[in-house]
Amino acid sequence: MKKLLKSVLLTCIILAVLSGAVIYLLTKKDGISDEFSNRIATEQSDQGSERGYRYDTDKGAIPLMTSGQEKNVLNFDSNKDAYNVAVSTAARERLDRLIKRTTPTFEKPIIAANPFGTNENTFYFYFETSYRGMIRYTVMVEDASVPDHVRYVNNGQESNLSTVHEFTLSGLVPGMTNYIKIEVLDGSGAKREDLTYKYTVPNQAGAAAKLRVQKGKSKGSAANGLYFVFPKNDKKIYAYDNSGILRNTTNTESGHGKRIYQSGDSILYQVSGTKFAKVSALGRVTATAAVRGYGNVKDFSYDGYDNIYSLVTKGKNDYLLATSFKTGKTKEVFRFPKGVRANSLTAPKAGNIYIAGAKPSGVLKVTAVTGRSPKVAFVLGKKQAWNKTSLKKKVVEDKEVLRWNTSGAVLNLEDGLSDGTNDRIATYLQNNGRGAGISFTVDGKKKAVAVRDSFPVGKGGFCGCQHYEENYIISANDAGIYEEYDREGKVTKQFSLGKTVENVTKLSLNGMCFYGGN
């Protein structure tokens, strides 16, 4: 009997251990520990106090040389026509040929300076290792006021471990000698090997390398990510980190608009008044689309698959257009009635798009944008203001919206919080004459709104508001100031550019360029 009990007990213990192991395997986060995941988030915050620069850092650093006898960096001629897909494809093919005929290793990698011509002061790296690992790079400078820029490269493999390592390194600070430490880590985050390079970046014309930053009253901190800044009368897009340090400069052809979107492993933005580009994590242009015959685009959004939706004015009417990356064709989705001017639009969700009215003021819901007969489902606004338009019977006077002036509003659909019937939108508008960043939910059945958060910060002129993770980014574009607020309405940090901007948007680039650890 005792032997039987011992056997049963032993069997139960074994089953319990196996069950625990199965549960762990099913629930563990992408194969890495919570401790390592938290470490990744902390290191990528751009707000750390630890510095990798040491007095002897320069001694062992390998200079990145683009010319001369010690040249170890390839030069490409992609800057002249960067947003031509054929030029970008040719650069990719050249890299592929080089990879095939050489054996790039960690000690002797392939390095190319901005091979696709889209991002200044970036370097493409390719090498292979005999073991599976992940890449962490740290950009550091001697100036103690500039925090280290740490990023874990996203390689798209299970647990972010691979024997093939291909990435574009960014984050170099203009006007300084940058030291770049590249490390290969194992799955626990332990270092296997490392090398340090150095490169002196010229001063950036037209953009400050360091912004004036003021700490706010919030006890919280700015969320991880980069602020993408669109200066007025400047065709470049600048990315600043959480400490106000310039970390990337994106070139365009002739203009940048006021939007940038991350969609999967690509970003999308305007490169002229009528042209858009889809760009990979390496900086390669994979597709372009252009609106022809309607003049410059006022605002645009992306459906996440193929179509760019844009607002334009032609003659006496405004139009909502859809332009396909695949076919290059543009079609009229909806023609707004005479006397109605549109200012901004959201990304489409379940076939619906919200429009901010410039004149008259209001929020329009356009449905069936992918169907044959798109129409305005309703207008949230003042009936009196819309009486002279053909949409007057569609107007619903919601008590909240009656206070709003949407003439300068930029609408942002809050991703993951919308289902096409009940949708959440963030924007900045004049609310009873006082500027406020507002997050509100639209009930499609009741045709009403419910304000979730309101930040009556009182900033005048053209402003923007974006809900980002748990925080809000509010930009006073005319003043060239942007701030990140916590949920309590307190400022984490304020950044001053000293020049007028079109807009400011924050993106993490996790899952595209960088590994988020979850």
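A heavy-atom distance below 4.5 Å is found between the side chains of Lys236 and Glu120. For the pair Ile474/Phe455, a side-chain contact is recorded, criterion being any heavy-atom separation below 4.5 Å from C-beta on. No side-chain heavy atom of Tyr515 sits under 4.5 Å from any side-chain heavy atom of Asn510. Looking at heavy atoms from C-beta onward, Arg284 lies out of side-chain contact with Thr118 at the 4.5 angstrom threshold. In this structure, the side chains of Phe495 and Gln214 stay at 4.5 Å or more apart for every pair of heavy atoms. Side-chain atoms of Pro348 and Ser301, non-hydrogen and from C-beta on, do get closer than 4.5 Å to each other. Residues Lys181 and Arg136 have side chains not in contact (no heavy-atom distance under 4.5 Å, counting atoms from C-beta outward). Proximity of Leu246 to Pro174: side-chain heavy atoms (C-beta onward) are separated by under 4.5 Å at one or more points.
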- [ ] Check step by step if salt bridge (charged side-chain N to carboxylate O under 4.0 Å, His left out) holds for Asp318 and Lys298.
- [x] CA-CA 10 Å; Asp318 277 13; Lys298 295 195 290 184; 2.6 Å; yes
| Passes side-chain contact (heavy atoms from CB on, under 4.5 Å), Leu172 versus Leu169? Steps please. | CA-CA 8 Å; Leu172 279 66; Leu169 186 148; 3.4 Å; yes
* Applying ring-ring contact (aromatic ring centres under 6.0 Å, His included), run through Tyr240 and Phe228 and close with a yes or a no. => CA-CA 7 Å; Tyr240 286 90; Phe228 288 81; over 10 Å; no
query: Passes side-chain contact (heavy atoms from CB on, under 4.5 Å), Val366 versus Tyr354? Steps please.
result: CA-CA 6 Å; Val366 181; Tyr354 290 89; over 6 Å; no
For this session: Check the pair Tyr472, Asp453 against side-chain hydrogen bond (donor to acceptor under 3.5 Å, both in side chains), reporting the backbone distance first and the verdict last.
Result: CA-CA 10 Å; Tyr472 288 86; Asp453 290 309; 2.7 Å; yes
- Task: Check the pair Asp486 / Ser218 against side-chain hydrogen bond (donor to acceptor under 3.5 Å, both in side chains), numbers first and verdict last.
- Result: CA-CA 7 Å; Asp486 63 18; Ser218 172; 2.6 Å; yes
* Can Lys210 and Asp143 be said to form a salt bridge (charged side-chain N to carboxylate O under 4.0 Å, His left out), step by step? -> CA-CA 12 Å; Lys210 296 168 66 176; Asp143 186 344; 3.5 Å; yes
Checklist line | Verdict with supporting geometry, Glu414 and Ser439, side-chain hydrogen bond (donor to acceptor under 3.5 Å, both in side chains) | finding: CA-CA 9 Å; Glu414 299 190 25; Ser439 171; 2.7 Å; yes
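In this structure, the side chain of Asn38 does not engage the main chain of Ala41 through any donor-acceptor pair within 3.5 Å. In this structure, the side chain of Arg259 does not engage the main chain of Leu268 through any donor-acceptor pair within 3.5 Å. Proximity of a side-chain donor or acceptor of Glu483 to a complementary backbone N or O of Ala476 within less than 3.5 Å is not detected. Although no hydrogens or angles enter the test, the distance criterion places no donor-acceptor pair under 3.5 Å between the side chain of Asn155 and the main chain of His165. Remark: the backbone N or O of Leu509 is paired with a side-chain donor or acceptor of Gln262 at under 3.5 angstrom. No side-chain donor-acceptor contact under 3.5 Å links Ser272 to the backbone of Gly255. A donor-acceptor contact shorter than 3.5 Å links the side chain of Ser280 to the backbone of Leu282. The main-chain N or O of Lys447 is never found under 3.5 Å from a side-chain atom of Asp443 such that the two would form a donor-acceptor pair. Asp478 places no side-chain N or O within donor-acceptor distance of the main-chain N or O of Gly461, the cut-off being under 3.5 Å. A donor-acceptor pair under 3.5 Å links the side-chain atoms of Trp386 to the main chain of Ser361, judged by distance alone.
For the atom pair CG of Leu429 and OG of Ser454, the computed distance is 8.5 Å after rounding to the nearest 0.5 Å. The distance from the CG atom of Asn160 to the CG atom of Leu185 is 9.5 Å, given to the nearest 0.5 Å. Atom OG1 of Thr177 and atom CE of Met140 lie 12.5 Å apart (nearest 0.5 Å). Considering CD1 of Ile180 and OG1 of Thr196, their distance stands at 9.5 Å, rounded to 0.5 Å. Annotation: the span from Phe116 atom CZ to Asn119 atom CG amounts to 11.0 Å, rounded to 0.5 Å. Remark: Thr406 OG1 to Tyr428 OH distance equals 14.5 Å, nearest 0.5 Å.
When each of Tyr238, Phe230, Tyr269 is checked for a ring pair (Phe, Tyr, Trp, His ring centres under 6.0 Å) with His256, only Phe230 meets the rule. The residue from Thr346, Asn352, Ile353 that alone fulfils the side-chain contact (heavy atoms from CB on, under 4.5 Å) condition with Leu413 is Thr346. Tested against Phe167, the residues Phe125, Tyr124, Phe123 include a single ring pair (Phe, Tyr, Trp, His ring centres under 6.0 Å) partner, Phe125.
Contact detail for Gly175 and Asn203: the closest heavy-atom pair is CA-OD1, 3.1 Å. Residues Ser170 and His149 approach most closely at O-CD2, 3.9 Å, considering heavy atoms. Closest approach of Glu397 to Gln384, counting heavy atoms only: OE2-N, 4.5 Å. Among all heavy-atom pairs drawn from Ser344 and Asp299, the shortest one is OG-OD2, 2.9 Å. Across all non-hydrogen atoms, the minimal contact from Asp186 to Met134 is O-CE, 4.0 Å. When all heavy atoms are compared, the tightest approach of Ala222 to Asn242 is CB-OD1, 3.6 Å.
Side chain to side chain, Tyr227 and Glu484 meet the donor-acceptor criterion of an N or O pair below 3.5 Å. Checked by atom type, the side-chain pair Tyr152/Glu43 shows a donor-acceptor distance below 3.5 Å. A donor atom on one side chain and an acceptor atom on the other are found under 3.5 Å apart for Asn248 and Thr250. Judged purely by distance below 3.5 Å, without hydrogens or angles, the side chains of Thr138 and Asp148 never pair a donor atom with an acceptor atom. Between the side chains of Ser243 and Gln47, no donor-acceptor pair is found at a separation under 3.5 Å. No hydrogens or angles considered: a donor-acceptor pair under 3.5 Å links the side chains of Tyr302 and Lys278.
For Tyr179, the ring pair (Phe, Tyr, Trp, His ring centres under 6.0 Å) criterion is met by Tyr53, not counting sequence neighbours.
Below 30°, between 30° and 60°, or above 60°: for Phe514 and Tyr137 the angle between ring planes is above 60°, a perpendicular geometry.
Taking a cutoff of 4.0 Å between a charged side-chain nitrogen and a carboxylate oxygen, Glu469 and Lys506 do not qualify as a salt bridge. In this structure, Arg151 pairs ionically with Asp46, as a charged nitrogen and a carboxylate oxygen lie closer than 4.0 Å.
Residue pairs meeting the salt bridge (charged side-chain N to carboxylate O under 4.0 Å, His left out) criterion with at least one partner in residues 353-366, sequence neighbours excluded, are absent.
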